[in-house]
*Asks:* 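Handing you this structure, nothing more for now.
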Amino acid sequence: MKKLINDPEQVVAESLAGVAAAHDSVRVDFEHQIVYRAAGPKQGKVGVISGGGSGHEPLHGGYVGEGMLDAAVAGQMFTSPTPDQVAAAIKGVDGGAGVLQIIKNYTGDVMNFEMAAELANAETGVEVASVIVNDDVAVEDSSFTAGRRGVGLTVLLEKIVGAAAEAGQDLKSVKKLAEEVIANGRSMGVALTSCTVPHVGRPTFELPEDQMEMGVGIHGEPGRRRVALAPAADIAKEMVDSILEELDFQGSETIVMVNGLGATPQIELYLMYGEVAKLLAERGVKVARNLVGNYITALDMAGCSLTILKANDEILKLWDAPVKTPALRWGK
């Protein structure tokens, strides 16, 4: 294992120290491993929080800031944050208008975030609403989940819902919007290599040089099947076909993200986006906006994921709204 680390057990804490040193727009609660907006909480605004196991950077801490999250809770590597951590984040972003939790569909995350909502409500009376992202079409259940896994759509959701909260929408409206986005987005990934968790020190799974894992999860969970390595055009076709079989995007405007899983260079991600764009055009799916890069990773895994979201005028307006976070930034 070759990694830029000191103590494998201190990677998360020391990474958060680096975040605090690099970005004066955020502050870090090191006791609870929470990244907050430096200027928060904002009174009268719905607080939006998310989080989960570390190792998926820039998700979630990289998306704390104007137009996205108010706080992100960092669990240990690929491990859900505890209820006490999440409850601290809820209370820390409460501006009197309630708090929305964005939870990826992993059993530990769902349980701990829901427990945290009950704890925070009991202690302070804050109103907490939750939504669960379950966009992965690859498998119905896995070692980490009951139902579909929550993956790349989380990034798009945090941007869109964050913009709505920034614009002053109330908790009921923000939750309804989040549910609409979740219902209209799907994702699928492919792994060319495994990832290596620092404190484990060896690859999570073995993947021969001439094979790939179609439908892999962001923690290295098995996908649909292991197959022979194929050209990018064939990989793109399988991912596009799998997503369009799950949801009809024909004739719809969409936001499309081709996301790297941590070890895939940008040149390959753009090549993949070119293949995806051709396939979608052939199928009558209009790409209105796109993202290409590393936005939700799996440590040092080589591979990519594809996310497609139906986008009406409201969603596109919220997508285009200004965002100022360490990892995502546009507008004034």
*Asks:* Would the distance check show the side chain of Thr254 and the main-chain N or O of Lys286 forming a donor-acceptor pair, the cut-off being under 3.5 Å?
*Replies:*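 Present.
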*Asks:* To the nearest 0.5 Å, tell me how far Thr297 OG1 sits from Leu59 CG.
*Replies:*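 If we round to the nearest 0.5 Å, Thr297:OG1 and Leu59:CG are 8.0 Å apart.
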*Asks:* Counting only N and O atoms by type, is there a donor-acceptor contact under 3.5 Å from the side chain of Lys159 to the main-chain atoms of Trp319?
*Replies:*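 Yes, the answer is positive, given that a donor and an acceptor are paired below the 3.5 Å cut-off.
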*Asks:* Transitively linked via ILVMFWY side-chain contacts under 4.5 Å: Ile255 with Met239?
*Replies:*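 Shared cluster, no.
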*Asks:* Can you name the nearest heavy-atom pair linking Val131 to Lys175, along with the distance?
*Replies:*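 Where Val131 meets Lys175 most closely, the heavy atoms are CG1-CG, 3.9 Å.
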*Asks:* Can Ile160 be reached from Ile182 by stepping across I, L, V, M, F, W or Y side chains whose heavy atoms are under 4.5 Å apart?
*Replies:*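 Linked within one cluster.
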*Asks:* Kindly indicate, with the supporting measurements, whether the criterion side-chain contact (heavy atoms from CB on, under 4.5 Å) is fulfilled by Asp94 and Ile90.
*Replies:* CA-CA 6 Å; Asp94 179 16; Ile90 293 169; 5.7 Å; no
*Asks:* Taking the side chain as every heavy atom from C-beta outward, state whether Glu253 and Arg289 have any pair of such atoms under 4.5 Å apart.
*Replies:*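 Glu253 vs Arg289: side chains apart.
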*Asks:* Do you reckon Leu280 sits in the same ILVMFWY cluster as Leu269, going by side-chain contacts under 4.5 Å, direct or chained?
*Replies:*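 They do share one cluster, since a chain of ILVMFWY contacts under 4.5 Å joins Leu280 to Leu269.
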*Asks:* Mind checking the CD-CZ spacing from Glu245 to Arg186? Nearest 0.5 Å is all I need.
*Replies:*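 Going from CD on Glu245 over to CZ on Arg186, the span is 13.0 Å.
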*Asks:* To the nearest 0.5 Å, what is the distance between CE on Met77 and CG on Leu299?
*Replies:*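 These two atoms lie 5.5 Å from each other.
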*Asks:* Can you tell me which residue among Lys42, Lys45, Arg27 is in a salt bridge (Lys or Arg N to Asp or Glu O under 4.0 Å) with Asp70?
*Replies:*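 For Asp70, the salt bridge (Lys or Arg N to Asp or Glu O under 4.0 Å) check succeeds only for Lys45.
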*Asks:* For residues Ala74 and Leu16, report the shortest heavy-atom separation together with the two atoms involved.
*Replies:*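 Ala74 and Leu16 have their closest heavy atoms at CB-CD1, 4.4 Å.
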*Asks:* Quick check: does any side chain N or O of Asp135 sit under 3.5 Å from a backbone N or O of Leu153, one acting as donor and the other as acceptor?
*Replies:*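 At least one qualifying donor-acceptor pair exists.
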*Asks:* What distance do Thr154 atom OG1 and Asn134 atom CG have between them, rounded to the nearest 0.5 Å?
*Replies:*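 The OG1 atom of Thr154 sits 9.5 Å away from the CG atom of Asn134.
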*Asks:* Just do the side-chain contact (heavy atoms from CB on, under 4.5 Å) check on Thr196 and Lys3 with the steps written out, would you?
*Replies:* CA-CA 10 Å; Thr196 300; Lys3 291 183 179 291; 4.0 Å; yes
*Asks:* Out of curiosity, does Val323 fall in the hydrophobic cluster containing Leu291 (side-chain heavy atoms, cut-off under 4.5 Å, transitive links)?
*Replies:*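 Linked, Leu291 and Val323 end up in one cluster.
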